[in-house]
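Shown next, in C-alpha cells, is the structure this report addresses.
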Amino acid sequence: MQKIPLNLARPGMVLEKPLLRDNGQVLLGPGTKLTDSTLQRLERMEVQWVTVQGNPVKIEGQGQGSYHDRIKALDSLFRQHQEDPWMMKIKKFFRGYFKRKAMQEGSAPGPDSDTQ
C-alpha cells in the first residue's frame with residue numbers, strides 16, 4: 001500500500017483505501033481501478049492524495065521525513081483518539097522517541113512540538 005499524490009496516480013492503479021471527502025462521504029471504494037476519466041474528475045475535485053495497492057511509485061525520500069516533521073504529524077495521526085487513554089500513551093511514547101532521535105541528529109524540535 002502506498003499513499004501518493006494524485007498527479008502520480010495512473011490508470012490501472014487500484015485503490016487500497018476508500019477515498020473520502022472532508023465530510024466523510026465515500027467518493028471511491030477500496031478495490032476501485034483508476035481510469036483516465038476518474039483521475040480527471042478527482043483532479044477537478046481538487047483531491048490531493050490517493051492510497052493505492054502495492055508500491056507502484058518510487059518517491060525520493062518518502063518515509064524519510066525529519067523527526068521534527070514526524071512529531072508534528074502525530075497530532076493529525078491521533079486526532080480521532082483524543083479520548084482514548086491508551087492511544088494517548090502510544091502517542092506520548094512516539095513523541096518522546098522522535099524527540100530523542102531529533103536531538104541525536106542535532107535537529108531539536110521547536111517549542112510547539114511539546115503539545116499533545
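Across all their heavy atoms, Pro11 and Asp36 have their closest contact at CG-OD1, 3.0 Å. Closest heavy-atom contact between Val26 and Pro18: CG1-CB, 4.4 Å. The two residues Arg10 and Leu39 have their closest heavy-atom pair at C-CD1, 3.7 Å. A pairwise comparison of heavy atoms in Trp49 and Leu19 identifies O-CD1, 3.6 Å as the closest pair.
Residues Gln40 and Glu43 fail the side-chain proximity criterion, which asks for heavy atoms closer than 4.5 Å.
Using a 4.5 Å cut-off between side-chain heavy atoms of Ile, Leu, Val, Met, Phe, Trp and Tyr, with links allowed through other members, Val52 and Val14 fall into different hydrophobic clusters. The hydrophobic cluster containing Leu27 does not contain Leu20, counting ILVMFWY residues as joined when their side-chain heavy atoms lie under 4.5 angstrom apart, directly or transitively. Hydrophobic clustering (ILVMFWY, side-chain heavy atoms < 4.5 Å, transitive): Met87 and Phe98 are in one cluster.
The CG atom of Leu42 sits 11.0 Å away from the CD atom of Gln48 when rounded to the nearest 0.5 Å. Between the CH2 atom of Trp86 and the NZ atom of Lys89 there is a distance of 6.5 Å, given to the nearest 0.5 Å. In this structure, NZ on Lys92 lies 13.5 Å from CG on Leu74, to the nearest 0.5 angstrom. Note that CZ of Arg21 is 3.5 Å distant from CE of Met45, once rounded to the nearest 0.5 Å. Atom NZ of Lys17 sits about 12.5 Å away from atom CD of Gln53, to the nearest 0.5 Å. In this structure, Asp75 CG and Gln82 CD are separated by 7.5 Å, a value rounded to the nearest 0.5 Å.
For the side chain to side chain contact (heavy atoms under 4.5 Å, CB included) with Met13, the qualifying choice from Leu34, Thr32, Val50, Leu8 is Leu34, the only one to do so.
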Check: Which is it for Arg41 and Thr38 under the side chain to side chain donor-acceptor pair (under 3.5 Å) test, yes or no, and what are the steps along the way?
Finding: CA-CA 5 Å; Arg41 189 180 80 196; Thr38 302; 5.7 Å; no

Margin query: Working note: Arg100 + Tyr97, criterion side-chain contact (heavy atoms from CB on, under 4.5 Å); need CA distance, chi angles, decisive distance, verdict.
Written below: CA-CA 5 Å; Arg100 287 189 300 279; Tyr97 174 78; 3.9 Å; yes

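Between Phe78 and His81, the two ring planes are perpendicular [angle over 60°; tilted spans 30° to 60°].
The neighbour count for Asp22 CG, taken as heavy atoms of other residues, nucleotides or ligands under 6.0 Å away, does not exceed 12.
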